[in-house]
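The block underneath contains the structure these notes are about, expressed in structure tokens.
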Amino acid sequence: MARPPGVVLTGGIGSGKSTVARIFSRFGACVIDTDEISHFLTGKNGAALSRIAENFGAEFILDDSLDRTRMRQRVFSDPESKKRLESILHPMIREEVERRIEKCDSPYYLLVVPLFFETGHYFDLADRVLVVDCGEEKQVERVAARSGLSADMIHAIMGNQVSRTCRLDHADDILENGGEMDELEKAAYRLHCQYLDLINRS
Ligand code: ADP
């Protein structure tokens with residue numbers, strides 16, 4: 001069966017992806033978030049736990065969920081483990097994304113892929129690429145307020161993501177999120193209407 005049209009939403013850490021996803025969900029778009037799926041697969045009794053235990057050992061499972069702190073430490077210090085974990089999770093996330101697209105009952109879906117440009121995953125499911133963007137100082141300020149991470153740590157994470165310029169150069173649509181929430185909501189609504197227009201005209 002043909003899939004509905006899809007918009008991939010991406011952006012740097014703290015740029016506002018989750019916030020934008022919530023807004024589009026209120027407009028009735030079917031929102032599929034790859035990070036949320038990853039948490040679902042590794043959360044309480046998640047479908048990925050048995051394979052993680054087989055590969056990494058039962059000590060990585062705590063209270064029927066992935067011991068995220070232990071796994072974070074492992075993949076931070078060992079790139080091979082990071083690859084191994086990704087090779088377990090990525091195909092499972094992809095399958096779940098496809099299942100959710102099949103069930104999508106809105107005119108288009110919004111697929112949230114934080115590392116879209118970095119990984120090259122999901123290009124085939126993106127009819128348009130929407131980048132949410134704000135200045136780097138704003139990113140650091142918002143992530144620090146949300147997580148308590150130090151500015152150095154946040155800069156290190158940002159350093160592992162593609163540059164802001166690269167992201168903006170490859171966007172079909174950009175939501176500027178350096179200002180107030182009501183401005184973001186209005187801009188998102190305009191974009192949602194444009195997407196519906198595009199679909200109606202095609
Ligand atoms: P991402 O998902 O890209 O990491 P979030 O959507 O979680 O980013 O936003 C990062 C933080 O900034 C969150 O705490 C969010 O509530 C806040 N935030 C996002 N956009 C705005 C805005 N326009 N005004 C104020 N706070 C915002």
Side-chain angles (χ1 to χ4, degrees), residues 6-43 66 68-69 71-72 75-76 82 86 89-90 93-94 96-97 100 108-123 125-126 128-195:
V7 177
V8 160
L9 169 65
T10 192
I13 183 171
S15 56
K17 296 177 295 297
S18 309
T19 307
V20 168
R22 272 195 297 277
I23 295 172
F24 274 82
S25 172
R26 281 211 305 277
F27 299 153
C30 164
V31 172
I32 303 168
D33 185 331
T34 53
D35 265 3
E36 186 265 313
I37 292 175
S38 177
H39 270 73
F40 167 71
L41 293 169
T42 53
L66 174 66
R68 292 185 203 286
T69 310
M71 187 56 88
R72 213 176 293 122
V75 298
F76 189 73
K82 185 165 187 273
E86 284 170 353
L89 287 178
H90 281 317
I93 296 172
R94 170 88 198 196
E96 182 61 23
V97 164
R100 293 190 189 188
Y108 69 94
Y109 59 82
L110 187 86
L111 176 61
V112 190
V113 186
L115 299 178
F116 180 67
F117 293 117
E118 291 80 351
T119 60
H121 294 148
Y122 302 106
F123 272 48
L125 297 179
R128 294 189 77 83
V129 178
L130 166 59
V131 167
V132 57
D133 178 65
C134 67
E136 291 183 355
E137 275 176 30
K138 198 60 127 189
Q139 269 180 281
V140 175
E141 185 190 304
R142 286 180 179 159
V143 176
R146 178 184 68 185
S147 63
L149 286 176
S150 69
D152 281 351
M153 187 65 101
I154 300 165
H155 279 292
I157 296 170
M158 286 163 61
N160 279 321
Q161 302 187 339
V162 295
S163 69
R164 196 178 165 202
T165 318
C166 169
R167 232 181 256 119
L168 293 175
D169 280 351
H170 291 90
D172 294 303
D173 307 298
I174 296 166
L175 272 176
E176 206 282 308
N177 187 27
E180 299 300 319
M181 202 64 99
D182 60 334
E183 291 169 38
L184 179 68
E185 284 177 7
K186 279 185 203 148
Y189 190 65
R190 279 195 296 273
L191 206 49
H192 171 66
C193 294
Q194 282 173 25
Y195 291 153

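Both counts, for ligands and for their atoms, begin at 1 and track the order of listing. In this text the structure is predicted, and so the values were computed from the model without any measurement.
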Ligand 1 atoms nearer than 4.0 angstrom to some heavy atom of G179 are 22 (C), 23 (N), 24 (N)
K17 heavy atoms within 4.0 Å reach ligand 1 at atoms 1 (P), 2 (O), 3 (O), 4 (O), 6 (O), 8 (O)
Worksheet item: Is F123 atom CZ crowded by more than 12 heavy atoms from other residues, nucleotides or ligands, each under 6.0 Å away?
Response: yes
Of all protein heavy atoms, the one nearest atom 8 (O) of ligand 1 is G16 N, 3.2 Å
Between ligand 1 and G14, can you find any atom pair, the residue atom being a heavy atom, that is separated by under 4.0 Å? yes
message = Distance alone, cut at 3.5 Å: any donor-acceptor contact between the side chains of T42 and R68?
response = yes
Donor-acceptor contact below 3.5 Å, side chain Q161 vs main chain E118 = no
**Prompt:** Is there a donor-acceptor contact under 3.5 Å from the side chain of S15 to the main chain of C134?
**Reply:** no
At under 4.0 Å between heavy atoms, what of R146 touches ligand 1? The answer is side chain
(request) Compute the ring centroids of Y189 and F27, then answer whether they are less than 6.0 Å apart. (result) yes
In this structure, atom 23 (N) of ligand 1 is nearest to the protein heavy atom N177 OD1, 2.8 Å
Atom 22 (C) of ligand 1 has as its nearest protein heavy atom R142 NH2, 3.3 Å
If we only count N/O pairs under 3.5 Å, is T19 in contact with ligand 1?
-> yes
Original post:
Mind checking whether Y122 and H90 have ring centres under 6.0 Å apart?
Top reply: no
Taking only non-hydrogen atoms of G12 and a 4.0 Å limit, the atoms of ligand 1 in range are 3 (O)
Going through the distances and angles, do Y195 and D173 end up as a side chain to side chain contact (heavy atoms under 4.5 Å, CB included)? CA-CA 10 Å; Y195 291 153; D173 307 298; 2.8 Å; yes
